[in-house]
Amino acid sequence: MARFTAIRTAGVNWSTRPARPTDAEDLAFIDAAASENPWSRRQFVSACTGPGAQHESALVAEEETTLCGFVVYSLVLDEASIYNIAVLPHYQRRGLARHLLGITLANLANRGAIRALLEVRASNVAARNLYASFQFQLDSVRENYYPASQGREDAVLMSRLL
Ligand SMILES: CC(C)(COP(=O)(O)OP(=O)(O)OC[C@H]1O[C@@H](n2cnc3c(N)ncnc32)[C@H](O)[C@@H]1OP(=O)(O)O)[C@@H](O)C(=O)NCCC(=O)NCCS
């Protein structure tokens, strides 16, 4: 993973780097602010353990010292999984998730990933549009998989070749 990448888009100056153990709290904060179904802090701890770990890893984006987005992923043999991606509401719709996902998929391909998988709530239009724009294709639907505010909702399983 490149240690540092900086871009400037529409007046925003982001840099990206692998997550550090001390980032878990901030990632949980971003997820709680952005997502209707956020992960707990504990779920972010292993992703922030450090690059090279055999489990989940995370890439974070920051503007100056503010963490504003992240993506959590894994690579097992030649199969990559995207587990979570979120951007602070104030930073959304400026291309930050596209930037994070693009860097992550390119890096995973460079590390030998052949396929990337993910799962998303059927009602999550923003994330589904994001993934569709990266040519993720629908593989299957797990009906009533997630608890939802009113009953349950389907999980949509998507994948693409890298
Ligand atoms: C999904 C999410 C990460 C997108 O972040 P973002 O930085 O705003 O996304 P980008 O600006 O890079 O947008 C990339 C594309 O995603 C889609 N998209 C993003 N937000 C959208 C929205 N609110 N409605 C519809 N499509 C949306 C669009 O196709 C967009 O391309 P466009 O701007 O050219 O139309 C953000 O909405 C978020 O944090 N959501 C809560 C967490 C979550 O649900 N994560 C997914 C877990 S599976």
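Throughout, residue positions are numbered sequentially from 1 according to the sequence presented. Both counts, for ligands and for their atoms, begin at 1 and track the order of listing.
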Q: Could you check atom 45 (N) of ligand 1 against the protein and tell me its nearest heavy-atom contact, residue, atom and distance included?
A: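 The closest one turns out to be I85 O, 2.7 Å.
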Q: Rest of the hydrophobic cluster containing V45 (Ile/Leu/Val/Met/Phe/Trp/Tyr, side-chain heavy atoms under 4.5 Å)?
A: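 Reading the cluster by chain and number, V45 sits alone, since nothing else belongs.
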Q: At under 4.0 Å between heavy atoms, which part of R94 makes contact with ligand 1: side chain, backbone, both or neither?
A: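 Just the backbone.
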Q: Is a salt bridge present between R152 and E143, judged by a nitrogen-to-oxygen distance below 4.0 Å?
A: no
Q: Report yes or no: does R160 contribute a side-chain atom to a donor-acceptor pair with the main-chain N or O of F134 at less than 3.5 Å?
A: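 The answer is yes, because a donor-acceptor pair under 3.5 Å joins these two groups.
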Q: So, R20 and D26, do they make that salt bridge, N to O below 4.0 Å?
A: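 Not counted as a salt bridge, because no side-chain N and carboxylate O are separated by less than 4.0 Å.
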Q: Could you tell me which non-hydrogen atom of Q43 sits nearest to which non-hydrogen atom of E56, and how far apart they are?
A: O-OE1, 4.0 Å
Q: Distance under 4.0 Å to a non-hydrogen atom of A127: what atoms of ligand 1 satisfy this?
A: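 Under 4.0 Å from A127, ligand 1 has these atoms: 1 (C), 46 (C).
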Q: Tell me, which protein residue and heavy-atom name are nearest atom 18 (N) of ligand 1, and how many Å apart are they?
A: A126 O, 3.6 Å
Q: Given that the side chain starts at C-beta and the backbone is N, CA, C, O, which of these parts of L130 lies under 4.0 Å from ligand 1, counting heavy atoms, or is it both or neither?
A: both
Q: Nearest 0.5 Å, what's the CG-CZ distance between L96 and F70?
A: 11.0 Å
Q: Applying a 4.0 Å heavy-atom criterion (strictly less than), which segment of Y131 is in contact with ligand 1: side chain, backbone, both, or neither?
A: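 Just the side chain.
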Q: Note the single closest protein heavy atom to atom 39 (O) of ligand 1, along with its residue, its atom name and the distance in Å.
A: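 The closest heavy atom on the protein side is V87 N, 2.9 Å.
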Q: Who's the nearest protein heavy-atom neighbour of atom 44 (O) of ligand 1, and how far?
A: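 Protein heavy atom with the smallest distance to atom 44 (O) of ligand 1: N124 ND2, 2.6 Å.
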Q: Between S133 and ligand 1, find which residue part has any heavy-atom pair under 4.0 Å and reply side chain, backbone, both or neither.
A: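 The answer is neither.
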Q: Which atoms of ligand 1 have any heavy atom of Q92 under 4.0 Å away?
A: 8 (O), 36 (C), 37 (O), 38 (C), 39 (O)
Q: Does any N or O in the side chain of S133 come within less than 3.5 Å of the main-chain N or O of L130, such that one atom is a donor and the other an acceptor?
A: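 Indeed, once roles are kept as given, a pair shorter than 3.5 Å links the two residues.
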Q: If you have a sec, work out which protein heavy atom is nearest atom 34 (O) of ligand 1 and how many Å separate them, to one decimal?
A: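 The answer is R98 NH2, 3.1 Å.
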Q: Please report whether ligand 1 has a polar contact with G95, defined as an N or O pair separated by less than 3.5 Å (distance criterion only).
A: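 In this structure, G95 places an N or O atom under 3.5 Å from an N or O of ligand 1.
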Q: List, one per line, each side-chain donor-acceptor pair under 3.5 Å for residues 75-88, sequence neighbours excluded.
A:
unit_1 : atom_1 : unit_2 : atom_2 : d
Y83    : OH     : S74    : OG     : 3.0
N84    : ND2    : D31    : OD2    : 3.3

Q: Strictly distance-based, threshold 3.5 Å: is any side-chain N or O of R98 a donor or acceptor partner for the main-chain N or O of R94?
A: no
Q: Which one of L100, V71, N84 has a non-hydrogen atom at the shortest distance from atom 47 (C) of ligand 1?
A: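 The option holding the nearest heavy atom is N84.
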Q: Look at atom 5 (O) of ligand 1 and say which protein heavy atom is nearest, naming residue and atom and giving the distance to 0.1 Å.
A: A97 CB, 3.1 Å
Q: Considering only the protein, which heavy-atom contact is closest to atom 33 (O) of ligand 1, and what is its distance?
A: R93 NH2, 3.3 Å
Q: For G69 and L100, which heavy atoms make the closest approach, and how far apart are they?
A: C-CD1, 3.8 Å
Q: List every atom of ligand 1 that sits less than 4.0 Å from any heavy atom of A34, numbering the atoms from 1 in the order shown and giving each element.
A: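 Those of ligand 1 that fall under 4.0 Å from A34 are 39 (O), 41 (C).
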Q: Among all the protein's non-hydrogen atoms, which is closest to atom 26 (N) of ligand 1, and how far away is it?
A: N129 ND2, 3.0 Å
Q: Can you check whether S123's main-chain N or O pairs, donor with acceptor, with E153's side chain at less than 3.5 Å?
A: yes
